[in-house]
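Take a look at the structure below.
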Amino acid sequence: MSNPFKQSHARKISSASGLPISNSKIAKVMIPRDRDDRNCRPIEHTRNDLDQDILSSGLEHVSRYVAMHGKKIEVVAVGGAINVLRLLSRRTTHDVNIIISGLENTWRTLLDNAAYEAYKKIPDLGSAWLTTDAENWVSDNVAQQLTRMATQQNVTLYQGEGLVVYAAPWEYAFIAKIHRIQTDGENARDYDMHDALRYLHHYIRSNWPSGSHPVPDSQIQEWARYWRQFEVKTSLLNDIQKAYKRAYGGQRGITIEQSTEKGLIGLGISGMPGL
């Protein structure tokens with residue numbers, strides 16, 4: 001599936017105030033940056049299986065490095081780092097995939113340098129252990145919204161003197177996993193459905209502590225259209241409903257109503273869905 005944000009991603013950059021600068025020719029510094037070895041040959045990025053201990057050590061190195069330069073950076077993490085560092089539902093992940101909002105390139109470069117220094121101290125991290133790949137799916141405005149929602153949700157994966165890592169909003173984390181299950185085919189992972197159910201469960205529990213308030217499928221479709229511009233197939237919604245019941249003692253995570261993929265196409269969504 002084509003990425004609606006990817007083409008414009010390099011043409012816009014957020015100002016220090018967090019507002020996007022339109023038509024800018026300055027490209028964002030992405031993490032990790034490409035680097036050459038002493039013979040001017042590109043260094044290939046590496047990823048390893050990372051557990052809670054090694055991720056925490058890497059983030060601690062980054063925090064100290066950033067603080068040493070008199071800064072403090074807040075980021076939003078998406079994907080497996082949430083499961084390894086907070087939910088403890090997986091033993092390992094390959095990276096800490098983050099979204100950064102409102103930082104000038106000097107700050108992004110500082111964070112990249114910090115991550116690379118951590119890798120040199122702890123080679124088992126792999127050179128691409130901290131990455132902004134998640135930004136390929138979000139515009140500057142959406143990155144600002146996600147950051148605002150994540151800070152309000154206030155689920156931290158790491159907090160140090162120079163770095164705070166928040167978990168992405170549960171609804172966004174859920175949709176990102178469902179999107180990969182539906183669209184990525186062979187690239188979808190065995191654990192994606194399990195992760196998605198965890199995120200949905202935490203979304204429900206954070207809004208309705210009794211945990212007995214299923215999310216209507218129409219709401220899920222709004223999330224999907226807003227966050228990733230796709231329609232969730234009815235068959236996948238049915239799979240989610242059945243899997244959630246199995247995972248959480250018969251409780252319903254979603255309700256399947258009469259809305260269909262066909263009926264939802266063309267719906268206009270104004271503002272943030274579900275708020």
Parallel, tilted or perpendicular, as decided by the 30° and 60° cut-offs, for the rings of Phe174 and Trp223
perpendicular
Would you check if Leu130 and Asp112 make a side-chain contact, meaning some heavy-atom pair closer than 4.5 Å?
no
Would you say Asp192's side chain and Lys177's backbone share a donor-acceptor pair under 3.5 angstrom?
no
is_close_aromatic(His179, Trp137), centroid dist under 6.0 Å
yes
When hydrophobic residues are tied together by side-chain contacts of less than 4.5 Å, even through go-betweens, does Val164 share a cluster with Met149?
no
Short side-chain to backbone donor-acceptor contact, Thr132 and Met30, under 3.5 Å
no
Return the minimal non-hydrogen interatomic distance between Val66 and Ala114, and the atom names on each side.
CG2-CB, 4.1 Å
Looking at Glu231, is its backbone amide N or carbonyl O close enough to the side chain of Gln221 to form a donor-acceptor pair, meaning the two atoms are under 3.5 Å apart?
no
Do you know the tightest heavy-atom contact between Ala167 and Ala150?
O-CB, 3.5 Å
Is it true that Arg64 and Glu60 make a salt bridge, defined as a side-chain N closer than 4.0 Å to a carboxylate O?
yes
Pair Tyr119, His61: side-chain N/O donor-acceptor within cut-off below 3.5 Å
no
Give the C-alpha distance, both sets of side-chain angles, the deciding distance and a yes or no for side-chain contact (heavy atoms from CB on, under 4.5 Å) between Glu135 and Ile98.
CA-CA 7 Å; Glu135 291 186 344; Ile98 60 173; over 6 Å; no
Side-chain donor or acceptor of Asp51 paired with backbone N/O of Ile54 under 3.5 Å
yes
Please check this pair: side chain of Asn97 against backbone of Ala134, looking for a donor-acceptor N/O pair closer than 3.5 Å.
yes
Rounded to the nearest 0.5 Å, what separates atom CG in Leu157 from atom CG in Leu55?
10.0 Å
Hydrophobic cluster identity match, Val96 and Tyr191, side-chain contacts under 4.5 Å
no
How close do Gln144 and Ser101 get, heavy atom to heavy atom, and via which atoms?
CG-OG, 3.2 Å
To the nearest 0.5 Å, what is the distance between OG1 on Thr255 and NE2 on His213?
9.0 Å
dist Tyr158:OH -> Leu85:CG (nearest 0.5 Å) comes out at 11.0 Å
Using side-chain heavy atoms (C-beta onward) and a distance below 4.5 Å, is Ile100 in contact with Ile31?
yes
Is there a side chain to side chain donor-acceptor pair (under 3.5 Å) between Glu171 and Tyr226? Walk through the geometry before answering.
CA-CA 11 Å; Glu171 56 268 51; Tyr226 188 88; over 6 Å; no
Side chains of His45 and Asp34, heavy atoms from C-beta outward: is any pair under 4.5 Å?
yes
Are side-chain N/O atoms of Asn48 and His94 paired as donor and acceptor at under 3.5 Å?
no
So does Lys72 have more than 12 non-hydrogen atoms from other groups sitting under 6.0 Å from NZ?
yes
Partners passing side chain to side chain contact (heavy atoms under 4.5 Å, CB included) against Leu87 (at least two apart in sequence or in another chain):
Ile82, Asn83, Ser89, Trp170, Arg198, Tyr199, His202
Could you pull out all residues at least two apart from Tyr116 that satisfy side-chain hydrogen bond (donor to acceptor under 3.5 Å, both in side chains)?
none
So, Trp129 side chain and Ala115 main chain: donor-acceptor pair closer than 3.5 Å or not?
yes
Could you tell me the separation between the CG atom of Leu146 and the OG1 atom of Thr151, rounded to the nearest 0.5 Å?
10.5 Å
Is Tyr166 linked to Ile99 within one hydrophobic cluster, defined over Ile, Leu, Val, Met, Phe, Trp and Tyr using a side-chain heavy-atom separation of less than 4.5 Å?
no
How long is the straight-line distance from CG of Asp124 back to NZ of Lys121, given to the nearest 0.5 Å?
15.5 Å
Single-linkage hydrophobic cluster, 4.5 Å side-chain cutoff, Tyr244 and Leu236 together
yes
Closest non-hydrogen atom pair between Thr93 and Gly80, with its separation
OG1-CA, 3.5 Å
Which heavy atom of Leu197 sits nearest a heavy atom of Ala247, and at what distance?
CD1-CB, 4.3 Å
Inter-residue atom distance Leu163.CG - Leu111.CG, 0.5 Å rounding:
7.0 Å
In plain terms, say whether Arg90 and Asp195 are close enough for a salt bridge, that is, a side-chain N and a carboxylate O under 4.0 Å apart.
yes
Following the transitive rule for hydrophobic clusters with a side-chain heavy-atom cut-off under 4.5 Å over Ile, Leu, Val, Met, Phe, Trp and Tyr, establish whether Ile122 and Val84 coincide in one cluster.
yes
Contact summary for Ala176 and Val78, nearest pair of heavy atoms
CB-CG1, 4.4 Å
Counting only heavy atoms not in Glu161 (residues, nucleotides, ligands), do more than 12 fall under 6.0 Å from its CD?
no
Would you check if the side chain of Thr46 reaches a backbone N or O of Gly126 as a donor-acceptor pair within less than 3.5 Å?
no
Just wondering, are more than 12 heavy atoms of other shown residues or ligands nearer than 6.0 Å to CD in Gln152?
yes
Listed by chain and number, what are the side-chain hydrogen bond (donor to acceptor under 3.5 Å, both in side chains) partners of Gln52, not counting sequence neighbours?
none
Taking Lys233 first and then Asp239, would you say they form a salt bridge - that is, a charged N and a carboxylate O separated by under 4.0 Å?
no
Is any side-chain N of the basic residue among Arg225 and Glu222 closer than 4.0 Å to the acidic one's carboxylate O?
no
Is there a side-chain contact (heavy atoms from CB on, under 4.5 Å) between Lys28 and Asp140? Walk through the geometry before answering.
CA-CA 11 Å; Lys28 284 182 180 177; Asp140 289 336; 2.6 Å; yes
Please report the C-alpha distance between Tyr203 and Trp208 in whole Å, then the side-chain angles of each, then the deciding distance to 0.1 Å, and finally whether the side-chain contact (heavy atoms from CB on, under 4.5 Å) criterion is met.
CA-CA 8 Å; Tyr203 171 80; Trp208 301 278; 4.0 Å; yes
For atom CZ of Arg33, decide whether the heavy atoms of other residues, nucleotides or ligands shown that lie under 6.0 angstrom number more than 12.
yes
